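Here's the structure we're looking at; comments come further down.
What you are looking at is a predicted structure, and each value in this text was computed from that prediction instead of being measured. Order of the sequence lines sets the chain letters (A, B, ...), proteins ahead of strands, with each chain counted from 1.
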There are 2 protein chains.
Amino acid sequence: MDERKKTILKAIVDDYVATAEPVASKALVRNHNLRLSSATIRNVMAELEEMGYLKKPHTSAGRMPSDKGYRAYVDNLLSVPAISKEDEKSIRDFLSVNVNKAQDLIERTVECLSNQTNYVSVALSPEYSDSSIEQIKIMMIEPGRAIVVIVLSAGVVHDRLIRIPAMLDEKQLNAIAHSIERCLTGKKLDDITLVTISSAAEGTGLPDALVNQVLYEAYIAIKQTEKIEVYIDGRHRLLQHPEFQDVERASRFYSVLRQTQMVAGYMRDVQHEEEAKRRAAILDQHDGDAEKELSVRKPAYMVRIGQEIDIEGMENASFITTTYRMGGEIAGQIGIIGPKRMNYGDMIAQISFVNKAMSAEAHRHCGLPPEDEDDLDATSFESLG
Amino acid sequence: MDERKKTILKAIVDDYVATAEPVASKALVRNHNLRLSSATIRNVMAELEEMGYLKKPHTSAGRMPSDKGYRAYVDNLLSVPAISKEDEKSIRDFLSVNVNKAQDLIERTVECLSNQTNYVSVALSPEYSDSSIEQIKIMMIEPGRAIVVIVLSAGVVHDRLIRIPAMLDEKQLNAIAHSIERCLTGKKLDDITLVTISSAAEGTGLPDALVNQVLYEAYIAIKQTEKIEVYIDGRHRLLQHPEFQDVERASRFYSVLRQTQMVAGYMRDVQHEEEAKRRAAILDQHDGDAEKELSVRKPAYMVRIGQEIDIEGMENASFITTTYRMGGEIAGQIGIIGPKRMNYGDMIAQISFVNKAMSAEAHRHCGLPPEDEDDLDATSFESLG
DNA sequence: ATTAGCACTCTATGTCAAAGAGTGCTAATT
DNA sequence: AATTAGCACTCTTTGACATAGAGTGCTAAT
C-alpha cells in the first residue's frame, strides 16, 4: 500500500470515527489538506475498496472502513497520544478513594475506565494460582459456623463462611485451625490439593470425622479464591452511541455481555496467546539476553476488531485489553468493549494510563509492593499478529 | 362508581396490560362476556374518561388507563392469584444454592425476583442499627494492616481491612482487640459512638496514640456495616418491554436507576411511612390488644404508580415493594420497578412468594432463626392510603 | 336504558415527485 | 501517465397526497 493510500485510509477512518457517517470524497478534500481533487480521491477510494479496506452501505454513498480497514489502521496508521493533565488528575483522584483492598481497587478501576472511555469496561481478577498463602485463619461464629480468612498478600484478602460440625467447640476448632495454618502457610495455591490439606488432620487428637469436614470446607474456601471474578461497568453507556440506537441490537448485545464467564474466558485466552507469541518473538530476536525479561514485562495492548472476535454476537464490537500488575507478580486483565467505530488511539492512551495509575494505587493503598514505573509506559503497543 | 363501571375498568386494564395497545369498545365485547353492545361500552368509557380513570392517545383511538385508573384497579379491582407449583419450585431451587451468608441471599433474591417478573428488581440491605454486635475480632494481616470481622448474627458477617500503626506488633494488637471485644460485644450498633468505643482504650497499657488509631478504624468499620447497601438486577430486561423501545427514553430511565442511593432512600421512606400509617390504623381499630402486634408483622405490599413516585424521571414507572424479614428482627426492603403497564396481581404474587422463600432460606442456609410461617402469607395486601 | 347506524377523526401505509448527496466513468488537461 | 472537470446515474431523504382501516361520538330508533 503506497503512502497516498495510507494517508487517505487514515483520513477516512478518522472522519468516520468522528462522525459515524460514511465519508464522501468531497468531505475528505474539505477537511484534510490532501492537495488532490475529489475525483482523484474517488479513484483511490475505489482501489481501497477493491483491496477490502473500505466498504459502502449502498452504491451512491460515501465509504466506511471494513474490519480489515480498521485492522490496517490500528496496526500501521495509529498514533497513541498522551492523555491530558486533567485526565491524569481525575483518574488518580478517582482511584485514590474508597479503596481498602485489592478487590476494591479493581472495582474502582473498572468504573474509572468506563468513565474515561464512555464504553463498557471489563476487568478480570488476577490469577492467584501462582500466589501463596501468607495467612489462613479460621474463627468460630457460632456452633456449626465459622469464617475462614485467607490472606494471599497484603492487599488481597478473601473470606468465606463455612459450616462446621455443630458439636465442635471453639477450642477444638482453634486446634484444627492452627494445624491447617501450620500446614498451608507459604504454600502456593496451585500446589494445594485435598491430599495436601488432609495431612493437617494429624496431631489434633480429634476424631477424623470432625476434622475432615473442616478441612474440606477450608479446601473449598481456598479453591474459591482461585476463581476468576469478572468486574464489569458502564453497560448503560452503550445506548448513547449511534450504533446502539436500534433497541433490538442493543438488547442482543446486552445478552452477550451477560455471559460474563464467556467474555472473561475469551479475554484471558487471547491475552495469554498474545503474550506467548510476543515472548517467542522477543526470544527469537535477541537470543536470550537479560534485557528480554524486562521487555516482556511491558503490557501488550491487544486489539480485536469485529469478526476477529470469536464470540457469537460480538461481530460488531471491538475489544481493547491489556494486562495489569499489582505488587509485582499478581496479574489480571482489564479492557474495554465498544463498537468497532471507536477512537483507538485515545482509548489505548486511556487504558494505558489507568493501568499505570492502578498499579501505583495498589502500592499506595493496598500495601502491595511498588512496580517499576518504566515497565508501565505504553508508548508502544502490540496488537494482533 | 357502580358495578358495571368497575367491571369495564377492570376489563380495560387487563386488556391493556396484556396487549400494550389502547383498548377499543368492540374488542371489549369480543373478549369479555359483558352482554352489552359496543355502543353502550362507548358511553361508559366516555364517563370513565370524564371521571379521570381512562385516557386516549388521540381522538379516534381506544382507551388506556390513566394513573388514577391503575390506582383504582390496584386498590379495588385486583385479585392476587396463587403462583404455580412450578414457580414455587424454581424459586426455592434458585434461592437454595450459592448462599453462604445473609448478603449472598439478598443478592440471590434480587436475581430471582427479576427472573420471575422480567422487570428490574431492587433490594436494600437490612437496617442493622437495631442489631447488636455478637462478635468483633481484629486480626493482624501484616505490620500496618489488620482485618476487622464483625458478626451481627449468625448469617450476617461484615469485614473490613484497616490501617493500624506500623509499629504495633501482633501481641499489642491482640490486646487492643480483646479490649474492644469486651467493650462492644452485645452492644447495639446504634448505641456505639466514638465515646463508647474510646472507653476500650483503658487498661491496655499502651500509649494512647497507638490505641486511638485502631479504635477509630474499628469505629469506622462498625459504622460501615450500618450503611444501607443497594442490590439491583435485571436492568437489561427493560429493553424487552414495548414502553422502552425508544432508546432515548430507556437511556433516561437508566440514568435515574443509576442513582441507587436516591432510589433506595425513596423505597425506605415510603415503606416506613406506609408501615407507620398501617400500625396507626390497626391500633385505632382494636384498641391495643395482643393480636395487633402479630398482625402488624404481615408485610404490606406497597404499590406506587407513575406520578405518585416522587423521583424525577420515574413518572412512567411503577414500584411494588415490600419488607422482608430474616431471623425475626432483621428487616429490609425488596421490590420491583417496571413500566406502569404491568400485571400487578401476578407481580404481587411473585414478590410475596419470593419474600417468603427468602425468609425460609435465611433460616436454612444462613443460620438465622426461623420465621412464623403464617406471618409471611400475602393473600392480603395494603397499598397507598 | 340500550343499541344501530353513520359521520367524523386520526393513524398507518403506500405512492410519487423532487431535492440532494455521492459515485463512476469518460474525456479533457497538465 | 497522472490528475481533474464534468456529467450521467444511483440511492436516500423528505414532504405531499391519497386511501384504507380502526375507533369514537352522537343521534335517532328500539
Side-chain angles (χ1 to χ4, degrees), chain A residues 1-9 11-16 18-66 69 242-243 245-246, chain B residues 1-9 11-66 69 242-243 245-246 341:
Chain A
M1 181 150 51
D2 61 35
E3 233 15 77
R4 193 173 69 177
K5 282 210 184 69
K6 279 189 188 171
T7 314
I8 290 176
L9 177 56
I12 291 174
V13 174
D14 284 339
D15 279 17
Y16 184 69
T19 63
E21 298 290 334
V23 182
S25 52
K26 270 190 196 162
L28 273 188
V29 272
R30 201 178 330 113
N31 301 330
H32 301 261
N33 226 1
L34 294 174
R35 319 192 111 284
L36 288 170
S37 77
S38 67
T40 315
I41 305 286
R42 277 203 290 284
N43 291 332
V44 179
M45 280 169 135
E47 288 172 64
L48 282 168
E49 185 176 3
E50 179 78 16
M51 295 162 78
Y53 294 108
L54 297 177
K55 61 184 182 181
K56 286 189 290 196
H58 57 86
T59 3
S60 70
R63 301 302 203 297
M64 51 207 276
S66 66
E243 18 277 294
Q245 287 311 13
D246 179 33
Chain B
M1 181 148 54
D2 61 34
E3 237 10 82
R4 193 173 70 176
K5 282 210 185 68
K6 281 188 187 171
T7 316
I8 291 176
L9 177 56
I12 291 174
V13 174
D14 285 338
D15 278 18
Y16 184 69
V17 164
T19 63
E21 298 289 334
V23 181
S25 51
K26 269 191 199 161
L28 272 188
V29 273
R30 202 180 327 116
N31 300 330
H32 302 261
N33 226 3
L34 294 174
R35 315 188 115 286
L36 288 171
S37 78
S38 68
T40 313
I41 304 286
R42 277 202 290 284
N43 291 331
V44 180
M45 280 168 137
E47 289 172 64
L48 283 168
E49 184 176 3
E50 180 79 16
M51 296 162 77
Y53 294 108
L54 296 178
K55 61 183 183 180
K56 286 189 291 198
H58 57 87
T59 5
S60 69
R63 302 301 203 297
M64 51 207 274
S66 65
E243 18 276 293
Q245 287 312 0
D246 179 34
R341 182 189 68 84

Would you say [X] reaches [N]'s phosphate, i.e. side-chain N/O to OP1/OP2 under 4.0 Å?
X	N	answer
B/Lys56	D/dG25	yes
A/Arg4	D/dT3	yes
A/Ser25	C/dT23	yes
B/Thr59	C/dC10	yes

Spacing of [X] atom [atom1] relative to [N] atom [atom2], expressed in whole Å:
X	N	atom1	atom2	value
B/Leu54	D/dG23	CG	P	15 Å
B/Asn43	D/dC26	CG	P	9 Å
A/Met64	C/dG22	CE	P	15 Å
A/Lys26	C/dT23	NZ	C1'	11 Å
B/Leu34	C/dT3	CG	C1'	15 Å
A/Arg35	D/dT4	CZ	P	11 Å
A/Glu47	C/dC25	CD	C1'	14 Å
B/Ile8	C/dA1	CD1	P	15 Å

Are [X] and [Y] side-chain neighbours, meaning at least one heavy-atom pair lies under 4.5 Å?
X	Y	answer
B/Arg63	B/Leu48	no
B/Thr40	B/Arg4	yes
B/Leu9	B/Lys6	no

Report summary line: Judged by nearest nucleotide, the residue sitting upstream toward the 5' end of DNA chain C, B/Ser38 or B/His58, is B/Ser38
Query raised in the report: Between the base of D/dT24 and the side chain of B/Ser60, is there a donor-acceptor distance below 3.5 Å?
Result: no
Per [X] side chain, nearest of listed nucleotides [options]:
X	options	answer
A/Arg42	D/dT12, C/dT23, D/dT4	C/dT23
B/Met45	D/dT24, C/dG24, D/dA5	D/dT24
B/Ala46	D/dG25, C/dG24, D/dT4	D/dG25

Base, sugar-phosphate, or nothing for [X], non-hydrogen atoms under 4.0 angstrom?
X	answer
B/Ala39	base
B/Thr40	base
A/Ala61	sugar-phosphate

Query raised in the report: Could you give the distance from NE2 (B/His32) to OG1 (B/Thr7), rounded to the nearest 0.5 Å?
Result: 11.0 Å
**Report entry** B/Lys5, NZ: over 12 other non-hydrogen atoms inside 6.0 angstrom
**Finding:** yes
Report task. Identify the two heavy atoms, one from B/Leu28 and one from B/Ala11, that lie closest to each other, and give their separation to 0.1 Å. Result -> CD2-CB, 3.8 Å
Query raised in the report: Do you know the tightest heavy-atom contact between B/Ile12 and B/Val23?
Result: O-CG2, 3.7 Å
Query raised in the report: Taking both distances under 3.5 Å as the test for a Watson-Crick or G-U pair, what stems of at least three pairs does DNA chain D have?
Result: C:1-30 with D:1-30
Can you give each donor-acceptor pair under 3.5 Å made by side-chain atoms of residues 50-59 of chain B, sequence neighbours left out, with the distance rounded to 0.1 Å?
from    : atom 1 : to      : atom 2 : distance (Å)
B/Lys56 : NZ     : B/Thr59 : O      : 3.3
B/His58 : ND1    : B/Ser60 : N      : 3.4

